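The structure presented is a predicted model; accordingly, all values stated were derived computationally and were not measured. Quick note on labels: first sequence line is chain A, next is B, and so on, each numbered from 1.
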2 protein chains.
Amino acid sequence: MNNVQEESLRDQKKFRRRLQILEIARGIIATKGLRSLKVRDVAEAAGCSVGSVYNEFGDFDGVILTVNRETVQALTARLSGVPAEDPVRQLYGLAETYLDFFAEHANLLRSLFEHRMEDDRPYPDDILQMVMDAFALMHPPLVRALPDADDVQIALLSRTLFSAVHGIISLGLEERMVAVPPQMLRQQVTQFLDAHLVGLGVLPAR
Amino acid sequence: MNNVQEESLRDQKKFRRRLQILEIARGIIATKGLRSLKVRDVAEAAGCSVGSVYNEFGDFDGVILTVNRETVQALTARLSGVPAEDPVRQLYGLAETYLDFFAEHANLLRSLFEHRMEDDRPYPDDILQMVMDAFALMHPPLVRALPDADDVQIALLSRTLFSAVHGIISLGLEERMVAVPPQMLRQQVTQFLDAHLVGLGVLPAR
DNA sequence: GATTCTTCTTGAACATTGTTCATTTTCGCG
DNA sequence: CGCGAAAATGAACAATGTTCAAGAAGAATC
């Protein structure tokens, strides 16, 4: 067993193909939705056989889950880039960044939140954990904004607040429903945070 | 052309079978999730051929959509039963009733919110409208609680608030994620409304 | 009630799509 | 080069949605 990166030709090709399959699958989900993702389409676009997809990902859910995993990672990266100088500003920033990200990658986020496993197989824990971690990004600014609050309470509040924002955005961007104009949705989110932060005593009443 | 209810034997059987198919489909979705719903299972359980299912509902989406339609109707009925004496109490009641209904029929609501049509076929307008109408049930109590606010603003606020509650509940009941204990979730929703109503000036600051 | 007509029902056949696996090909290594 | 391990292949299979020609059942007419 050699742990050194061998960079063998075989591994290179395998890796390249893996990336290619993921890129193609992601593209199809993003543009045509998860339901339009087909093994054969992916294999053909990647220039390989369906067997290779299975060889690399185990089953088709494996492809979807890997795309979903990368979606959370990209989301977390974006959210982590929100400036942390002012905690209140950071909270608004997180919500607006989530809105932007959701608007840019609506179908990818739907895949993340709506995909169900076959039968009763469990959803991978690491993905769930990453989603929870992303939602916990409101924790630090909330701690700073509410110095007297219990840490456990803040953890719960963080999850609640982010879930609320998620609900507003995911339903607001639901093009199935009567679409909310993007600028209106932005205002909706802001006003929501306004009211809630006032209610929490973080902002003064108007 | 005779408009009188003929109640022909044929129509009776047709109607009975229709109800039976829907009941079976609903049961499968509710207990095993939308992804486990199969035409053949439904047909067999209903004691008819797959062709009859198609004859009655056009395609399989038709079955799902009809179940979803009835789910919104049931939801609306439940929400409409919330007492309207005190507007503030009514708002809490709507949120808690939504929580109860969601907890009782989690898979049915997921089917409603997560089902996507094949290709680019549009989701039926009447269902979307019914969902919006259900979410608008917060409108009347909000008008009473905020007498000075613009009606259009209230309409938006109603949708925002209900969407937020929906986000908290749907993610909170997401057993894929680390499950939130039901009683904890109830408290989460209540505390959320507390803070938000304070922020709106409906309730006094603590 | 028999006959005809209409409509519905049936289920086998087909289409689509996920999955498997024996065979072939490719690659690393001596 | 030749051998063996690993991977790639794609035809076959399995599961599932969809169609439709033939038959059954009910309605309509006499």
Chemist: Walk me through whether Y123(B) and N68(B) qualify under side chain to side chain donor-acceptor pair (under 3.5 Å).
Modeler: CA-CA 11 Å; Y123(B) 205 83; N68(B) 286 352; 3.1 Å; yes
Chemist: For D61(B) and R121(B), what are the C-alpha separation, side-chain angles and deciding distance, and is it a salt bridge (charged side-chain N to carboxylate O under 4.0 Å, His left out)?
Modeler: CA-CA 11 Å; D61(B) 269 356; R121(B) 283 193 304 180; 3.4 Å; yes
Chemist: Can you confirm if the aromatic rings of H196(B) and F192(B) lie within a centre distance of less than 6.0 Å?
Modeler: yes
Chemist: Let me know the distance between CD1 of I21(B) and C1' of dC8(C), rounded to the nearest Å.
Modeler: 13 Å
Chemist: For E44(B) and dA12(C), what is the distance between atoms CD and P respectively, to the nearest whole Å?
Modeler: 13 Å
Chemist: Ignoring backbone atoms, establish whether S49(B) has a side-chain N or O less than 4.0 Å from OP1 or OP2 of dG11(C).
Modeler: no
Chemist: For residues 51-59 of chain A, which residues have at least one heavy atom under 4.0 Å from DNA chain D?
Modeler: G51(A), S52(A), N55(A)
Chemist: Rounded off to whole Å, could you give me the CZ-to-C1' distance for the R16(B) and dG26(D) pair?
Modeler: 15 Å
Chemist: Taking the side chain of K38(A) as heavy atoms from C-beta outward, which of dG10(D), dG11(C), dG18(C) is closest to it?
Modeler: dG18(C)
Chemist: Applying salt bridge (charged side-chain N to carboxylate O under 4.0 Å, His left out) to E70(A) and R26(A), what does each step give before you reach the verdict?
Modeler: CA-CA 10 Å; E70(A) 295 183 352; R26(A) 180 175 11 255; 2.8 Å; yes
Chemist: Could you state the CD1-C1' distance from I64(B) to dG17(D), rounded to the nearest angstrom?
Modeler: 11 Å
Chemist: Using whole Å, report how far CG of L34(A) lies from C1' of dT17(C).
Modeler: 14 Å
Chemist: Between dA7(D), dT19(D), dA12(D), spot the one nearest the side chain of R40(A), thanks.
Modeler: dA12(D)
Chemist: Does any part of the side chain of L156(A), heavy atoms only, come nearer than 4.5 Å to the side chain of M184(B), both counted from C-beta?
Modeler: yes
Chemist: Assert yes or no for the condition that the ring centre distance of F162(B) to Y98(B) is strictly below 6.0 Å.
Modeler: yes
Chemist: Hey, is E118(A) close enough to R35(B) for a salt bridge, meaning N to O under 4.0 Å?
Modeler: yes
Chemist: At 4.0 Å (heavy atoms only), tell me whether R17(A) reaches a base, stays on the sugar-phosphate, or touches nothing.
Modeler: sugar-phosphate
Chemist: For the pair made of CD in E118(B) and C1' in dT16(D), what is the distance, rounded to whole Å?
Modeler: 12 Å
Chemist: Just how far, in rounded Å, is C1' of dA24(D) from NZ of K14(B)?
Modeler: 16 Å
Chemist: Expressed in angstrom and rounded to an integer, what is the separation of Q12(B) atom CD from dG26(D) atom C1'?
Modeler: 12 Å
Chemist: Can you tell whether the side chains of R78(B) and E104(B) come within less than 4.0 Å, N to carboxylate O?
Modeler: yes
Chemist: Using only side-chain N and O atoms of K13(A), determine if any of them is under 4.0 Å from OP1 or OP2 of dA7(D).
Modeler: no
Chemist: Apply salt bridge (charged side-chain N to carboxylate O under 4.0 Å, His left out) to E114(B) and R116(A), showing your working.
Modeler: CA-CA 10 Å; E114(B) 296 173 3; R116(A) 305 278 158 190; 2.6 Å; yes
Chemist: To the side chain of V39(B), which of dG17(D), dT26(C), dT19(C) is closest?
Modeler: dG17(D)
Chemist: At how many degrees, to 10°, do the end axes of the helix from dG1(C)-dC30(D) to dG30(C)-dC1(D) meet when each uses five pairs?
Modeler: 10°
